Engineer: 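So that we are looking at the same thing, I have put the structure below in C-alpha coordinates.
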Number of protein chains: 2
Amino acid sequence: MSVESPSGLVETRAQLFHGFSDRSRLSIVEALREGERRVSDVVAVTGLTQPNVSMHLACLWECGLVAREKRGREVYYRLIEGVPELLSAADVILVVAGETVGACPRYRVGRRAA
Amino acid sequence: MSVESPSGLVETRAQLFHGFSDRSRLSIVEALREGERRVSDVVAVTGLTQPNVSMHLACLWECGLVAREKRGREVYYRLIEGVPELLSAADVILVVAGETVGACPRYRVGRRAA
DNA sequence: CATCAGTATTCGCTTATGCTTATACAGCAT
DNA sequence: ATGCTGTATAAGCATAAGCGAATACTGATG
(Lines give C-alpha, C1' and ligand atoms only; values in the text may rest on other atoms or scores of the structure.)
Protein backbone atom coordinates (compact mmCIF):
# COMPACT_ATOMS: atom_id res chain seq x y z
CA MET A 1 0.00 0.00 0.00
CA SER A 2 1.69 3.12 -1.22
CA VAL A 3 1.06 6.81 -0.77
CA GLU A 4 -1.56 6.48 -3.47
CA SER A 5 -4.04 4.76 -1.22
CA PRO A 6 -6.48 7.36 0.11
CA SER A 7 -6.90 5.95 3.59
CA GLY A 8 -3.23 5.09 3.84
CA LEU A 9 -2.43 8.58 2.73
CA VAL A 10 -4.25 10.14 5.62
CA GLU A 11 -2.50 7.81 7.99
CA THR A 12 0.89 8.60 6.52
CA ARG A 13 0.27 12.29 6.41
CA ALA A 14 -0.69 12.23 10.05
CA GLN A 15 2.60 10.56 10.83
CA LEU A 16 4.49 13.10 8.79
CA PHE A 17 2.89 15.99 10.61
CA HIS A 18 3.44 14.23 13.87
CA GLY A 19 7.13 14.27 13.12
CA PHE A 20 6.99 18.04 13.08
CA SER A 21 4.48 18.45 15.86
CA ASP A 22 6.93 18.51 18.69
CA ARG A 23 8.58 21.69 19.87
CA SER A 24 11.96 20.06 20.41
CA ARG A 25 12.01 18.25 17.08
CA LEU A 26 10.96 21.39 15.33
CA SER A 27 13.75 23.42 16.88
CA ILE A 28 16.13 20.71 15.74
CA VAL A 29 14.67 20.93 12.26
CA GLU A 30 15.08 24.67 12.40
CA ALA A 31 18.74 24.20 13.32
CA LEU A 32 19.17 21.98 10.28
CA ARG A 33 17.46 24.43 8.02
CA GLU A 34 20.68 26.25 7.25
CA GLY A 35 22.53 23.14 6.28
CA GLU A 36 23.97 19.98 7.73
CA ARG A 37 24.92 19.95 11.38
CA ARG A 38 26.56 17.55 13.77
CA VAL A 39 24.57 16.27 16.72
CA SER A 40 26.68 18.31 19.10
CA ASP A 41 26.09 21.42 17.01
CA VAL A 42 22.38 20.92 17.30
CA VAL A 43 22.74 20.38 21.01
CA ALA A 44 24.62 23.67 21.30
CA VAL A 45 22.10 25.61 19.24
CA THR A 46 18.92 24.22 20.74
CA GLY A 47 19.98 23.87 24.32
CA LEU A 48 18.43 20.43 24.47
CA THR A 49 20.30 17.57 26.10
CA GLN A 50 22.44 15.36 23.92
CA PRO A 51 20.43 12.19 24.47
CA ASN A 52 17.30 14.10 23.73
CA VAL A 53 18.65 15.47 20.47
CA SER A 54 19.98 12.08 19.53
CA MET A 55 16.62 10.49 20.13
CA HIS A 56 14.75 13.05 18.12
CA LEU A 57 17.22 12.87 15.27
CA ALA A 58 16.96 9.11 15.27
CA CYS A 59 13.21 9.48 15.17
CA LEU A 60 13.35 11.91 12.27
CA TRP A 61 15.85 9.73 10.45
CA GLU A 62 13.84 6.56 10.85
CA CYS A 63 10.91 8.44 9.42
CA GLY A 64 13.04 9.51 6.49
CA LEU A 65 12.68 13.20 7.22
CA VAL A 66 16.38 13.83 7.64
CA ALA A 67 19.43 12.30 5.99
CA ARG A 68 22.41 11.15 7.99
CA GLU A 69 26.06 10.87 7.17
CA LYS A 70 28.76 9.58 9.43
CA ARG A 71 32.24 11.07 9.20
CA GLY A 72 34.69 9.66 11.65
CA ARG A 73 33.01 9.67 14.97
CA GLU A 74 30.76 12.52 14.09
CA VAL A 75 27.37 12.24 12.48
CA TYR A 76 25.97 14.92 10.23
CA TYR A 77 22.27 15.36 9.67
CA ARG A 78 20.44 17.37 7.09
CA LEU A 79 16.85 17.87 6.00
CA ILE A 80 15.54 16.03 2.99
CA GLU A 81 14.12 17.96 0.11
CA GLY A 82 10.65 19.33 0.52
CA VAL A 83 10.92 20.02 4.21
CA PRO A 84 11.80 23.71 3.91
CA GLU A 85 8.83 24.10 1.61
CA LEU A 86 6.58 22.44 4.15
CA LEU A 87 7.80 24.83 6.81
CA SER A 88 7.15 27.74 4.47
CA ALA A 89 3.65 26.52 3.77
CA ALA A 90 3.11 26.37 7.51
CA ASP A 91 4.37 29.90 7.95
CA VAL A 92 1.94 31.13 5.32
CA ILE A 93 -0.88 29.83 7.46
CA LEU A 94 0.64 31.31 10.58
CA VAL A 95 0.65 34.75 9.05
CA VAL A 96 -3.11 34.61 9.19
CA ALA A 97 -3.79 32.21 12.03
CA GLY A 98 -0.62 32.57 14.06
CA GLU A 99 -2.17 34.29 17.00
CA THR A 100 -5.01 31.84 17.15
CA VAL A 101 -2.84 28.79 16.76
CA GLY A 102 -0.48 30.02 19.41
CA ALA A 103 -3.34 30.46 21.82
CA CYS A 104 -5.05 27.17 21.06
CA PRO A 105 -6.33 25.97 24.41
CA ARG A 106 -6.85 22.30 23.69
CA TYR A 107 -3.25 21.26 23.75
CA ARG A 108 0.10 22.66 24.66
CA VAL A 109 2.42 20.58 22.52
CA GLY A 110 5.07 19.66 24.95
CA ARG A 111 4.89 22.88 26.88
CA ARG A 112 5.09 21.01 30.13
CA ALA A 113 3.28 22.57 33.05
CA ALA A 114 4.93 25.92 33.15
CA MET B 1 4.82 38.02 20.83
CA SER B 2 3.94 37.52 17.19
CA VAL B 3 4.88 35.00 14.58
CA GLU B 4 7.98 37.04 13.97
CA SER B 5 9.65 35.95 17.17
CA PRO B 6 12.04 33.07 16.37
CA SER B 7 11.45 31.01 19.48
CA GLY B 8 7.76 31.73 19.49
CA LEU B 9 7.65 30.76 15.86
CA VAL B 10 8.95 27.29 16.58
CA GLU B 11 6.43 26.90 19.34
CA THR B 12 3.59 28.07 17.16
CA ARG B 13 4.64 25.95 14.23
CA ALA B 14 4.72 22.93 16.49
CA GLN B 15 1.16 23.64 17.50
CA LEU B 16 0.12 24.06 13.92
CA PHE B 17 1.59 20.74 12.92
CA HIS B 18 0.10 19.19 15.99
CA GLY B 19 -3.28 20.21 14.72
CA PHE B 20 -2.70 18.04 11.69
CA SER B 21 -0.85 15.26 13.44
CA ASP B 22 -3.85 13.22 14.35
CA ARG B 23 -5.34 10.64 12.04
CA SER B 24 -8.90 11.56 12.90
CA ARG B 25 -8.42 15.29 12.56
CA LEU B 26 -6.63 14.79 9.31
CA SER B 27 -9.42 12.69 7.87
CA ILE B 28 -11.79 15.45 8.89
CA VAL B 29 -9.58 17.98 7.16
CA GLU B 30 -9.56 15.75 4.12
CA ALA B 31 -13.34 15.71 4.17
CA LEU B 32 -13.35 19.51 4.21
CA ARG B 33 -10.88 19.73 1.39
CA GLU B 34 -13.60 19.67 -1.24
CA GLY B 35 -15.55 22.47 0.33
CA GLU B 36 -17.66 23.27 3.34
CA ARG B 37 -19.41 20.45 5.13
CA ARG B 38 -21.82 20.08 7.98
CA VAL B 39 -20.73 18.19 11.06
CA SER B 40 -23.04 15.34 10.23
CA ASP B 41 -21.62 15.17 6.73
CA VAL B 42 -18.15 14.81 8.14
CA VAL B 43 -19.41 12.15 10.49
CA ALA B 44 -20.87 10.23 7.58
CA VAL B 45 -17.74 10.49 5.46
CA THR B 46 -15.19 9.71 8.12
CA GLY B 47 -17.06 7.13 10.11
CA LEU B 48 -16.04 8.80 13.33
CA THR B 49 -18.55 9.34 16.11
CA GLN B 50 -20.41 12.63 16.21
CA PRO B 51 -18.97 13.82 19.54
CA ASN B 52 -15.53 12.92 18.30
CA VAL B 53 -15.93 14.94 15.13
CA SER B 54 -17.45 17.80 17.05
CA MET B 55 -14.52 17.84 19.43
CA HIS B 56 -11.93 17.78 16.70
CA LEU B 57 -13.70 20.48 14.74
CA ALA B 58 -13.92 22.62 17.84
CA CYS B 59 -10.24 22.04 18.33
CA LEU B 60 -9.42 23.01 14.76
CA TRP B 61 -11.69 26.02 14.97
CA GLU B 62 -10.22 27.29 18.20
CA CYS B 63 -6.83 27.02 16.58
CA GLY B 64 -8.11 29.02 13.64
CA LEU B 65 -7.46 26.28 11.13
CA VAL B 66 -11.06 25.99 10.01
CA ALA B 67 -13.84 28.55 9.66
CA ARG B 68 -17.31 27.95 10.98
CA GLU B 69 -20.70 29.20 9.95
CA LYS B 70 -23.97 28.44 11.59
CA ARG B 71 -27.08 28.15 9.47
CA GLY B 72 -30.19 27.30 11.34
CA ARG B 73 -29.34 24.38 13.52
CA GLU B 74 -26.59 23.18 11.24
CA VAL B 75 -22.97 24.26 11.38
CA TYR B 76 -20.79 24.37 8.32
CA TYR B 77 -17.04 24.16 8.51
CA ARG B 78 -14.42 24.88 5.90
CA LEU B 79 -10.65 25.06 5.74
CA ILE B 80 -8.94 28.41 5.91
CA GLU B 81 -6.66 29.45 3.10
CA GLY B 82 -3.24 27.94 3.01
CA VAL B 83 -4.25 24.57 4.39
CA PRO B 84 -4.59 22.79 1.02
CA GLU B 85 -1.13 24.09 0.14
CA LEU B 86 0.26 22.72 3.37
CA LEU B 87 -1.23 19.34 2.59
CA SER B 88 0.27 19.48 -0.88
CA ALA B 89 3.68 20.33 0.53
CA ALA B 90 3.33 17.32 2.78
CA ASP B 91 2.44 15.10 -0.13
CA VAL B 92 5.54 16.23 -1.99
CA ILE B 93 7.62 14.90 0.86
CA LEU B 94 5.61 11.71 0.99
CA VAL B 95 6.34 10.96 -2.63
CA VAL B 96 9.94 10.49 -1.59
CA ALA B 97 9.66 9.49 2.05
CA GLY B 98 6.18 8.02 2.15
CA GLU B 99 7.23 4.44 2.70
CA THR B 100 9.65 5.40 5.43
CA VAL B 101 7.26 7.74 7.18
CA GLY B 102 4.54 5.15 7.08
CA ALA B 103 6.80 2.62 8.70
CA CYS B 104 8.22 4.94 11.32
CA PRO B 105 8.55 2.77 14.41
CA ARG B 106 8.81 5.41 17.10
CA TYR B 107 5.18 6.40 17.15
CA ARG B 108 1.91 5.27 15.75
CA VAL B 109 -0.11 8.46 15.72
CA GLY B 110 -3.34 7.28 17.08
CA ARG B 111 -3.14 3.84 15.60
CA ARG B 112 -4.39 2.29 18.78
CA ALA B 113 -3.11 -1.19 19.50
CA ALA B 114 -4.28 -2.94 16.42
C1' DC C 1 45.58 -0.83 25.12
C1' DA C 2 43.84 3.20 27.68
C1' DT C 3 41.38 7.20 27.30
C1' DC C 4 38.53 10.52 25.60
C1' DA C 5 35.05 12.73 22.48
C1' DG C 6 30.83 12.10 20.06
C1' DT C 7 26.74 9.57 19.66
C1' DA C 8 23.15 6.20 20.69
C1' DT C 9 20.17 3.47 23.80
C1' DT C 10 17.50 2.03 27.89
C1' DC C 11 14.57 2.72 31.94
C1' DG C 12 11.13 4.74 34.52
C1' DC C 13 8.23 8.51 35.22
C1' DT C 14 4.96 12.00 34.02
C1' DT C 15 1.87 14.21 31.19
C1' DA C 16 -0.93 15.08 27.22
C1' DT C 17 -4.64 13.80 24.76
C1' DG C 18 -7.81 10.77 21.91
C1' DC C 19 -11.84 7.86 22.62
C1' DT C 20 -16.40 6.27 24.55
C1' DT C 21 -20.60 7.07 26.79
C1' DA C 22 -23.91 9.93 28.54
C1' DT C 23 -25.95 14.18 28.48
C1' DA C 24 -26.97 19.02 27.55
C1' DC C 25 -28.13 22.66 24.41
C1' DA C 26 -30.19 25.04 20.19
C1' DG C 27 -33.40 25.61 16.58
C1' DC C 28 -37.25 24.16 13.89
C1' DA C 29 -41.84 21.80 13.24
C1' DT C 30 -46.26 20.25 14.75
C1' DA D 1 -45.11 23.36 24.92
C1' DT D 2 -43.34 18.92 23.05
C1' DG D 3 -40.54 16.42 20.40
C1' DC D 4 -37.04 15.79 17.10
C1' DT D 5 -32.67 16.82 14.69
C1' DG D 6 -28.12 18.60 14.71
C1' DT D 7 -24.39 19.92 17.49
C1' DA D 8 -21.61 20.66 21.65
C1' DT D 9 -19.80 19.44 26.29
C1' DA D 10 -18.31 16.64 30.25
C1' DA D 11 -16.42 12.79 32.87
C1' DG D 12 -13.40 9.04 33.02
C1' DC D 13 -10.26 5.98 31.09
C1' DA D 14 -6.43 4.21 28.35
C1' DT D 15 -2.36 5.08 25.93
C1' DA D 16 1.28 7.56 23.48
C1' DA D 17 5.34 9.63 23.88
C1' DG D 18 8.66 13.33 25.68
C1' DC D 19 12.10 13.91 29.28
C1' DG D 20 16.07 13.14 32.63
C1' DA D 21 19.61 10.14 34.24
C1' DA D 22 22.60 6.55 33.66
C1' DT D 23 25.07 3.85 30.54
C1' DA D 24 26.73 1.57 26.35
C1' DC D 25 28.87 2.01 21.82
C1' DT D 26 32.29 3.75 18.36
C1' DG D 27 36.14 5.70 16.49
C1' DA D 28 40.32 8.64 17.01
C1' DT D 29 44.63 9.61 19.45
C1' DG D 30 48.66 8.73 22.14
Side-chain angles (χ1 to χ4, degrees), chain A residues 10-11 14-15 17-29 31-32 36-63 66 68-77 104-114, chain B residues 10-11 14-15 17-29 31-32 36-63 66-78 104-114:
Chain A
V10 169
E11 169 79 27
Q15 292 189 237
F17 284 123
H18 185 83
F20 295 107
S21 72
D22 176 73
R23 178 180 174 71
S24 298
R25 271 196 301 275
L26 210 48
S27 62
I28 290 172
V29 167
L32 295 179
E36 65 176 14
R37 294 280 185 263
R38 295 179 309 161
V39 174
S40 53
D41 292 331
V42 176
V43 169
V45 171
T46 61
L48 299 170
T49 66
Q50 179 272 316
N52 199 356
V53 169
S54 224
M55 277 267 293
H56 282 305
L57 281 172
C59 179
L60 290 168
W61 178 77
E62 283 171 348
C63 292
V66 300
R68 170 200 257 177
E69 192 178 332
K70 189 167 188 175
R71 296 181 204 154
R73 60 188 158 185
E74 306 178 335
V75 182
Y76 287 80
Y77 287 87
C104 191
R106 304 235 171 184
Y107 47 67
R108 268 160 292 171
V109 182
R111 184 167 250 178
R112 310 262 162 193
Chain B
V10 168
E11 169 80 27
Q15 291 188 239
F17 285 124
H18 186 82
F20 295 106
S21 70
D22 177 72
R23 179 180 174 71
S24 297
R25 270 196 301 273
L26 210 47
S27 63
I28 290 173
V29 167
L32 296 179
E36 63 177 15
R37 295 281 183 262
R38 294 178 310 160
V39 173
S40 53
D41 292 331
V42 175
V43 169
V45 171
T46 61
L48 299 170
T49 66
Q50 179 272 318
N52 200 356
V53 169
S54 225
M55 277 265 295
H56 282 306
L57 280 172
C59 180
L60 290 168
W61 178 76
E62 284 171 349
C63 291
V66 301
R68 168 200 258 178
E69 192 177 333
K70 190 166 187 176
R71 295 183 206 155
R73 60 187 159 190
E74 306 178 334
V75 182
Y76 288 80
Y77 287 87
R78 61 185 152 74
C104 190
R106 305 236 171 183
Y107 47 65
R108 268 159 292 171
V109 185
R111 186 168 247 175
R112 312 260 161 194

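We name chains A, B, ... by the order of the sequence lines, and we start the count at 1 in each one. No experiment lies behind these values; they were computed from the predicted model shown.
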Engineer: Any side-chain N or O of B/His18 below 4.0 angstrom from OP1/OP2 of C/dG18?
Structural biologist: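 Affirmative; the distance criterion is met.
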Engineer: Is the phosphate of C/dG18 approached by B/Asn52 (side-chain N or O, under 4.0 Å from OP1 or OP2)?
Structural biologist: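 No, B/Asn52 has no side-chain N/O under 4.0 Å of OP1/OP2 on C/dG18.
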Engineer: B/Leu60 has an atom CG; how far is it from atom P of C/dG18, in whole Å?
Structural biologist: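 One finds 10 Å between P of C/dG18 and CG of B/Leu60, rounded.
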Engineer: So, OP1 or OP2 of C/dG18: does either fall under 4.0 Å of a side-chain N or O from B/Arg25?
Structural biologist: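 Yes, B/Arg25 has a side-chain N/O under 4.0 Å of OP1/OP2 on C/dG18.
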Engineer: B/Arg37 CZ to D/dT7 P: how many Å, rounded?
Structural biologist: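 It works out to 13 Å between those atoms.
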Engineer: To the nearest 0.5 Å, what is the distance between OG1 on A/Thr46 and CD1 on A/Ile28?
Structural biologist: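 Atom-to-atom, A/Thr46:OG1 and A/Ile28:CD1 are 6.0 Å apart.
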Engineer: Between atom CG of B/Leu57 and atom CD of B/Gln50, what is the distance when rounded to the nearest 0.5 Å?
Structural biologist: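 If we round to the nearest 0.5 Å, B/Leu57:CG and B/Gln50:CD are 10.0 Å apart.
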Engineer: Side chain of B/Ser40: nearest nucleotide among C/dA8, D/dT7, C/dT17?
Structural biologist: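 Comparing C/dA8, D/dT7, C/dT17 against the side chain of B/Ser40, the answer is D/dT7.
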Engineer: Atom OG of B/Ser54 and atom CG of B/Leu48: how far apart are they, to the nearest 0.5 Å?
Structural biologist: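 Reported value, rounded in 0.5 Å steps: 11.5 Å.
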Engineer: Given atom CZ of B/Arg38 and atom C1' of D/dA8, what is their separation to the nearest angstrom?
Structural biologist: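 Answer to the nearest Å: 16 Å.
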Engineer: In whole angstrom, what separates B/Glu62's CD from C/dT17's P?
Structural biologist: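 Result: 13 Å.
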Engineer: Kindly compute the distance separating NE2 (A/His18) from NE2 (B/His18), expressed to the nearest 0.5 Å.
Structural biologist: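 Output value for this atom pair is 8.5 Å.
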Engineer: At what distance, to the nearest 0.5 angstrom, does OH of A/Tyr77 lie from CD of A/Glu36?
Structural biologist: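 Here the rounded value is 12.5 Å.
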Engineer: Round to the nearest Å and state the distance from B/Met55 atom CE to C/dA16 atom P.
Structural biologist: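 Distance check: B/Met55 CE to C/dA16 P gives 15 Å.
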Engineer: If you assign each of A/Leu48 and B/Arg68 to its closest nucleotide in DNA chain D, which residue comes earlier from the 5' end?
Structural biologist: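 The residue whose closest nucleotide sits nearer the 5' end is B/Arg68.
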Engineer: For D/dA8, does OP1 or OP2 lie under 4.0 Å from any side-chain N or O of B/Tyr77?
Structural biologist: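 Yes, because at least one side-chain N or O of B/Tyr77 sits under 4.0 Å from OP1 or OP2 of D/dA8.
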Engineer: It should be established whether B/Thr49 places a side-chain nitrogen or oxygen under 4.0 Å from OP1 or OP2 of nucleotide C/dC19.
Structural biologist: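 Answer is no, no contact under 4.0 Å.
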Engineer: Rounded to the Å, how far apart are A/His56 NE2 and D/dG20 P?
Structural biologist: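 The distance from NE2 of A/His56 to P of D/dG20 comes to 9 Å, rounded to the nearest Å.
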Engineer: Give the rounded distance in Å between these two atoms: CG of A/Asp41 and C1' of C/dA5.
Structural biologist: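 Between C1' of C/dA5 and CG of A/Asp41: 14 Å.
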Engineer: For A/Gln15 and D/dA16, give me the distance from atom CD to atom P, rounded to whole Å.
Structural biologist: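 Atom-to-atom, A/Gln15 to D/dA16, this comes out as 13 Å.
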Engineer: Distance check, rounded to the nearest 0.5 Å: A/Asn52 atom CG versus A/Ser24 atom OG?
Structural biologist: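 So the gap between those two atoms works out to 5.5 Å.
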Engineer: What string of B, S and - do you get for nucleotides 22-28 of chain D 5' to 3' if you count protein non-hydrogen atoms under 4.0 Å?
Structural biologist: B---SBS
Engineer: Among residues at least two apart in sequence or on other chains, which ones pass ring-ring contact (aromatic ring centres under 6.0 Å, His included) with A/Phe20?
Structural biologist: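 A/Phe20 satisfies ring-ring contact (aromatic ring centres under 6.0 Å, His included) with B/Phe17 only.
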